[in-house]
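Worksheet for the structure shown next.
In this text, all values refer to a predicted model and were calculated from it rather than measured experimentally. Keep in mind that the numbers below use all heavy atoms, side chains included, and drop hydrogens, waters and symmetry copies. In what follows, chains are A, B, ... by sequence order, proteins preceding strands, each numbered from 1.
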Protein chains: 2
Amino acid sequence: MKIDHYKSHDHLLVALDCIIFGFDRNELKLLLIKRDFEPEKGNWSLMGGFLRKDESLNESAERILNNLTGLRNIYLEQLHAYGEIDRDPVERTISVAYYALIDVHTHDKELVEQHSASWFPINEIPDLIFDHQEMVKAALKRLRYKASHQPVGFELLPEKFTLPELQKLYEGIYDTRLDKRNFRRRILSMDVLIKTDEKQKKYSKKGAFLYKFDQDKYTEKVTNGDSLVFKPLRS
Amino acid sequence: MKIDHYKSHDHLLVALDCIIFGFDRNELKLLLIKRDFEPEKGNWSLMGGFLRKDESLNESAERILNNLTGLRNIYLEQLHAYGEIDRDPVERTISVAYYALIDVHTHDKELVEQHSASWFPINEIPDLIFDHQEMVKAALKRLRYKASHQPVGFELLPEKFTLPELQKLYEGIYDTRLDKRNFRRRILSMDVLIKTDEKQKKYSKKGAFLYKFDQDKYTEKVTNGDSLVFKPLRS
DNA sequence: ACAAAAGTGTTCACTGTACACCCATGA
DNA sequence: TCATGGGTGTACAGTGAACACTTTTGT
């Protein structure tokens with residue numbers, strides 16, 4: 001065969017769709033946009049776009065996410081490639097889904113408004129176009145797995161956070177209730193949080209101490225082969 | 001925007017590559033082919049092909065796997081989409097990698113020979129073209145995760161197998177040694193194996209009882225919310 | 001009779017989980 | 001002073017892991 005044999009094969013559109021998770025008011029949420037073109041104009045959708053020849057998949061996902069949020073360097077991971085023949089009625093398109101974890105307070109609210117985007121609690125997601133519902137379901141499953149083995153939850157919180165906030169986050173991700181004492185003991189025993197001497201008084205009169213995640217210490221522990229389990233405890 | 005706005009976007013080649021696992025002579029192995037066209041002609045490669053417009057990603061992976069092994073209805077799961085710009089030097093191509101688990105004794109040996117394919121122990125994989133080495137690494141990681149939570153190991157064995165064989169399989173997958181008594185107790189306590197009254201005398205004079213995996217019972221347990229852990233024990 | 005693999009139970013340490021009360025503060 | 005959320009310790013049960021000898025049978 002010749003080197004140009006590739007030419008004889010089909011060329012397709014490659015789309016990307018982003019499942020954007022945030023955590024606000026003790027709830028896990030998704031950022032969805034109202035689609036402004038046909039087909040399915042006016043319906044809710046994941047933020048998406050098409051892959052360009054001059055960018056990698058990851059770069060494309062970063063670009064698309066940046067278009068909506070104005071953010072860079074955020075936690076972004078490939079989820080799955082969706083390739084049913086008729087998944088997009090206009091033209092044969094495969095879509096590579098990515099999920100992102102962002103701190104809801106940092107994104108660019110103007111951009112979000114321009115896209116008619118809004119945040120939906122994970123349990124109140126409206127009907128979505130194409131196979132986006134399936135993507136969301138898979139993303140949630142992946143987030144649950146990921147958060148139980150790696151410290152990704154912190155991506156959804158501000159740099160400084162309280163232990164009650166962190167607990168609420170895990171409760172939101174796993175849709176469950178956790179025991180306060182067990183949760184605190186477990187998280188603190190990992191020894192990857194730095195306690196600051198500041199107190200957060202937003203939610204209580206007494207105030208709760210703010211902590212920071214210690215990325216260096218975590219990296220060191222992983223390098224040493226320690227396996228930290230962030231999986232939450234029951235009840 | 002008009003409905004035909006899609007036309008203005010880039011169209012790309014979409015390839016598929018298959019990481020094919022087998023288990024033979026107490027070793028976990030991969031089926032690799034010797035590439036018979038440029039570029040990289042003569043070098044070792046994963047079995048691959050291009051996605052056609054008239055087939056879904058899964059169908060395409062099944063077709064490609066069938067081309068090499070003659071097998072159908074094989075355990076096949078999408079791994080990851082690879083999309084670096086220069087991953088294929090001929091033309092911009094994204095590749096969706098799938099991994100397959102097959103019983104090495106059932107595949108069509110003629111087809112495999114036609115493709116100059118052969119089985120390599122997982123620890124003796126030769127240099128591979130493009131980013132195929134990265135794919136293999138990710139596939140092994142995924143297999144390890146998957147096999148610890150779901151009964152996929154059985155896909156690599158014949159329908160009937162002995163407990164020592166099953167133990168060797170897990171030892172191969174995790175590159176570790178397991179305690180015989182702990183392993184047997186754990187696997188049998190899941191209550192998803194059917195003991196036959198046949199003995200396999202291939203490896204010993206005494207002979208070992210053959211077992212079958214009870215898919216129905218397993219499905220029932222999962223439906224009941226039981227979470228079986230196939231994760232192996234240490235030492 | 002012996003070599004080689006199959007098969008079998010018990011003990012201990014650790015970790016997950018249940019559970020209730022005091023503390024600090026702003027209103 | 002009181003209402004609200006923050007913070008703390010202990011006891012028990014279940015599970016993971018270590019560990020050695022007997023059985024079967026072909027040669």
Side-chain angles (χ1 to χ4, degrees), chain A residues 25-27 147-149 157 160-172 174 176-212 221 225-235, chain B residues 25-27 144 147-149 157 160-172 174 176-191 193-212 221 225-235:
Chain A
R25 300 173 46 116
N26 293 343
E27 279 187 312
S148 73
H149 296 271
L157 295 173
K160 295 179 187 174
F161 51 85
T162 67
L163 290 182
E165 284 170 340
L166 187 62
Q167 182 178 343
K168 291 275 168 39
L169 170 64
Y170 277 97
E171 291 178 338
Y174 295 100
T176 186
R177 290 288 189 78
L178 302 177
D179 180 89
K180 201 185 356 177
R181 284 164 292 188
N182 292 340
F183 178 80
R184 294 174 71 94
R185 180 180 34 251
R186 180 159 200 161
I187 291 290
L188 292 174
S189 73
M190 290 179 192
D191 195 28
V192 293
L193 293 189
I194 300 167
K195 185 176 186 172
T196 72
D197 48 11
E198 301 164 69
K199 275 197 167 187
Q200 147 81 275
K201 297 208 170 187
K202 194 157 46 168
Y203 302 113
S204 78
K205 293 154 188 167
K206 181 176 177 181
F209 280 104
L210 286 163
Y211 289 77
K212 288 195 291 187
K221 282 177 186 286
D226 298 14
S227 77
L228 309 187
V229 177
F230 293 83
K231 204 175 301 183
L233 317 176
R234 288 258 194 74
S235 178
Chain B
R25 298 176 45 119
N26 294 342
E27 279 187 311
R144 285 180 175 162
S148 73
H149 296 271
L157 294 174
K160 294 179 187 173
F161 51 86
T162 68
L163 290 181
E165 283 171 340
L166 187 63
Q167 182 179 342
K168 291 276 170 35
L169 171 64
Y170 277 96
E171 291 178 339
Y174 295 99
T176 185
R177 289 290 188 77
L178 303 176
D179 179 89
K180 201 181 2 172
R181 285 163 291 187
N182 292 339
F183 178 79
R184 294 173 70 96
R185 181 180 34 254
R186 180 160 201 161
I187 291 289
L188 291 175
S189 73
M190 290 179 191
D191 195 27
L193 293 189
I194 301 166
K195 185 176 185 173
T196 71
D197 49 11
E198 300 164 70
K199 275 197 166 186
Q200 148 82 276
K201 296 209 169 188
K202 196 159 40 169
Y203 300 113
S204 78
K205 292 155 187 167
K206 182 176 179 182
F209 279 104
L210 286 163
Y211 289 77
K212 288 194 291 187
K221 281 177 186 287
D226 298 13
S227 77
L228 309 187
V229 177
F230 293 82
K231 204 176 301 181
L233 318 177
R234 288 261 192 72
S235 175

How would you list, by chain and number, every residue that makes a side-chain contact (heavy atoms from CB on, under 4.5 Å) with B:Lys205, sequence neighbours excluded?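 Scan of B:Lys205 (side-chain contact (heavy atoms from CB on, under 4.5 Å), adjacent residues dropped) gives none.
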Partners meeting side-chain contact (heavy atoms from CB on, under 4.5 Å) with B:Lys201 (sequence neighbours left out):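 Not a single residue meets the side-chain contact (heavy atoms from CB on, under 4.5 Å) criterion with B:Lys201.
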Partners passing side-chain hydrogen bond (donor to acceptor under 3.5 Å, both in side chains) against [X] (at least two apart in sequence or in another chain):
{"X": "A:Gln200", "answer": "A:Glu165"}
{"X": "A:Arg185", "answer": "A:Asn182"}
{"X": "B:Gln167", "answer": "B:Glu171"}

Just how far, in rounded Å, is [atom2] of [N] from [atom1] of [X]?
{"X": "A:Lys168", "N": "D:dG6", "atom1": "NZ", "atom2": "C1'", "value": "11 Å"}
{"X": "B:Glu165", "N": "C:dA5", "atom1": "CD", "atom2": "P", "value": "14 Å"}
{"X": "A:Tyr203", "N": "D:dG7", "atom1": "OH", "atom2": "C1'", "value": "18 Å"}
{"X": "A:Phe230", "N": "C:dG16", "atom1": "CZ", "atom2": "C1'", "value": "17 Å"}
{"X": "B:Gln167", "N": "C:dA5", "atom1": "CD", "atom2": "P", "value": "13 Å"}
{"X": "B:Arg177", "N": "D:dA18", "atom1": "CZ", "atom2": "P", "value": "14 Å"}
{"X": "A:Phe183", "N": "D:dG6", "atom1": "CZ", "atom2": "P", "value": "12 Å"}
{"X": "B:Phe209", "N": "C:dA6", "atom1": "CZ", "atom2": "C1'", "value": "10 Å"}

Can you list, pair by pair, the side-chain donor-acceptor contacts under 3.5 Å of residues 191-198 of chain A, counting residues two or more places apart and other chains?
unit_1, atom_1, unit_2, atom_2, d
A:Thr196, OG1, A:Glu198, N, 3.2
A:Thr196, OG1, A:Leu210, O, 2.8
A:Glu198, OE2, A:Lys160, NZ, 2.6

With B:Phe161 via ring pair (Phe, Tyr, Trp, His ring centres under 6.0 Å) - residues at least two apart: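 For B:Phe161 the ring pair (Phe, Tyr, Trp, His ring centres under 6.0 Å) partners, ignoring immediate neighbours, are B:Phe154.
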Looking at CZ of A:Phe183 and NZ of A:Lys168, how far apart are the two atoms once the value is rounded to the nearest 0.5 Å?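 So the gap between those two atoms works out to 10.5 Å.
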If you round to the nearest 0.5 Å, how far is CG of A:Leu166 from CD1 of A:Ile187?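 One gets 5.0 Å once the value is rounded to the nearest 0.5 Å.
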What's touching nucleotides 8-15 of chain C from the protein side, N or O pairs under 3.5 Å?
unit_1, atom_1, unit_2, atom_2, d
C:dG9, N7, B:Arg185, NH1, 3.2

Taking only nitrogen or oxygen atoms into account, show me every contact under 3.5 Å that the protein makes with nucleotides 24-27 of chain C, one pair per line with its distance.
unit_1, atom_1, unit_2, atom_2, d
C:dT25, O3', A:Lys205, O, 3.4
C:dG26, OP1, A:Lys201, NZ, 3.3

